[in-house]
Amino acid sequence: MEDCIFCKIVMGEIPSTKVYEDDEMLIFKDISPIAKIHLLCVPKEHFARIHDMDQRRAALVGRMLLKIASLEHTLGLDEGYRLVINQGESAGQTVHHLHIHILGGETLKWE
Ligand code: 5GP
Ligand code: ZN
């Protein structure tokens, strides 16, 4: 997708601090962290929202969750973490390429 920041990060056209990559997903540090650890897990395939998922994409997102779970220790998330997927304007979604926020490294407030 042209003009998609996360597609450009996936393609290496915009630099990022990658912490994990395989042929179908990428995990990198958020540029404006809101927690001590703030990572983004993105599928390499562009689609904007959960609403755009079919069974195949849902399986991919399932593998993203399994990968996050397998990396808990490596990423310093042993004490717990929060996963967030912002959907649409009222949730504050600013990048329209599906992404899972991974927040941790500290005690997280729930307001
Ligand atoms: P959203 O609000 O769409 O759920 O989250 C988008 C996230 O992407 C934000 O937390 C923002 O800080 C992050 N972000 C936006 N542009 C870039 C960028 O160029 N590089 C990185 N690493 N993160 C970005
Ligand atoms: Zn994209």
Side-chain angles (χ1 to χ4, degrees):
M1 268 288 277
E2 279 175 38
D3 297 329
C4 170
I5 293 170
F6 289 173
C7 281
K8 287 182 176 167
I9 286 176
V10 165
M11 304 282 277
E13 292 170 9
I14 293 177
S16 66
T17 306
K18 297 176 186 176
V19 299
Y20 175 79
E21 180 170 17
D22 63 25
D23 58 345
E24 60 183 2
M25 70 185 82
L26 180 64
I27 305 178
F28 57 97
K29 292 188 179 179
D30 195 292
I31 204 166
S32 310
I34 61 164
K36 202 165 167 192
I37 296 172
H38 187 172
L39 306 169
L40 299 169
C41 183
V42 304
K44 289 193 168 178
E45 179 191 359
H46 179 95
F47 57 97
R49 298 173 63 152
I50 287 175
H51 185 84
D52 300 319
M53 290 195 312
D54 52 16
Q55 289 293 333
R56 186 183 59 78
R57 286 173 171 170
L60 167 57
V61 173
R63 289 193 294 278
M64 289 163 61
L65 293 173
L66 288 172
K67 183 54 68 180
I68 292 166
S70 76
L71 292 172
E72 282 170 7
H73 182 66
T74 310
L75 299 178
L77 299 167
D78 291 311
E79 301 298 318
Y81 56 96
R82 181 173 296 153
L83 302 181
V84 175
I85 304 179
N86 291 323
Q87 293 293 278
E89 205 172 323
S90 66
Q93 184 178 8
T94 56
V95 179
H96 298 279
H97 179 131
L98 188 108
H99 51 282
I100 304 173
H101 292 262
I102 306 167
L103 303 165
E106 61 181 297
T107 300
L108 301 167
K109 289 185 182 150
W110 185 260
E111 291 161 17

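None of the values given here were measured: they were computed from a predicted structure. Counting from 1, the numbers follow the sequence of the chain as shown.
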| query | Excluding sequence neighbours, so at least two apart, what forms salt bridge (Lys or Arg N to Asp or Glu O under 4.0 Å) with Glu106? | reply | none
| field | By salt bridge (Lys or Arg N to Asp or Glu O under 4.0 Å) - contacts of Lys67 (at least two apart) | value | none
| Any residue meeting side chain to side chain donor-acceptor pair (under 3.5 Å) with Lys44, in chain and number order, not counting sequence neighbours | Glu21
| task | Could you name each residue pair satisfying ring-ring contact (aromatic ring centres under 6.0 Å, His included) that touches residues 13-49, not counting sequence neighbours? | result | Phe6-Phe28, His38-His101, His46-His97
| request: Following the transitive rule for hydrophobic clusters with a side-chain heavy-atom cut-off under 4.5 Å over Ile, Leu, Val, Met, Phe, Trp and Tyr, establish whether Ile68 and Leu40 coincide in one cluster. | output: no
| request: Check salt bridge (Lys or Arg N to Asp or Glu O under 4.0 Å) between Arg49 and all other residues, then give those that pass, not counting sequence neighbours. | output: none
| field | Closest heavy-atom pair and its distance - Leu108, Ala35 | value | CD2-CB, 4.1 Å
| message | Rounded at 0.5 Å granularity, tell me how far CG in Leu75 sits from CG in Leu39. | response | 6.0 Å
| message | Would you compute the distance between atom CG of Leu71 and atom CG of Leu66 and round it to the nearest 0.5 angstrom? | response | 11.0 Å
| message | side chain to side chain contact (heavy atoms under 4.5 Å, CB included), that's the test. Do Leu83 and Leu65 meet it? Break it down for me. | response | CA-CA 9 Å; Leu83 302 181; Leu65 293 173; 3.7 Å; yes
Side-chain donor-acceptor distances from residues 89-96 under 3.5 Å, at least two apart:
| from | atom 1 | to | atom 2 | distance (Å) |
| --- | --- | --- | --- | --- |
| Gln93 | OE1 | Gly88 | N | 2.8 |
| Gln93 | NE2 | Ala48 | O | 3.2 |
| Gln93 | NE2 | Val95 | O | 3.1 |

Output side-chain donor-acceptor pairs under 3.5 Å for residues 10-17, partner residues at least two apart or in another chain, one line each.
none

| Pairs involving residues 54-89, ordered by first then second residue, that meet ring-ring contact (aromatic ring centres under 6.0 Å, His included) (sequence neighbours left out) | none
| Joint cluster assignment, Ile50 & Val61, ILVMFWY side-chain distance < 4.5 Å | yes
| Step-by-step side chain to side chain contact (heavy atoms under 4.5 Å, CB included) determination, Ile102 to Ile27 | CA-CA 9 Å; Ile102 306 167; Ile27 305 178; 4.2 Å; yes
| said: Checking Arg82 now: which residues fulfil salt bridge (Lys or Arg N to Asp or Glu O under 4.0 Å) with it, not counting sequence neighbours? | reply: none
| query | Can you name the nearest heavy-atom pair linking Leu98 to Pro43, along with the distance? | reply | O-CD, 3.1 Å
| said: Quick check on the hydrophobic clustering: are Leu77 and Ile85 connected, directly or via other members, by side-chain heavy-atom contacts under 4.5 Å? | reply: yes
| request: Verify the cluster assignment for Leu26 and Val19: are they in a single hydrophobic cluster under the rule of side-chain heavy atoms below 4.5 Å apart? | output: no
| query | Tell me, do Met64 and Val42 make a side-chain contact under 4.5 Å, heavy atoms counted? | reply | no
| request: May I have all residue pairs that pass salt bridge (Lys or Arg N to Asp or Glu O under 4.0 Å) and include part of residues 24-43, sequence neighbours excluded? | output: Glu24-Arg63
| task | Find the distance between CD (Glu2) and NZ (Lys8) and round it off to the nearest 0.5 Å. | result | 8.0 Å
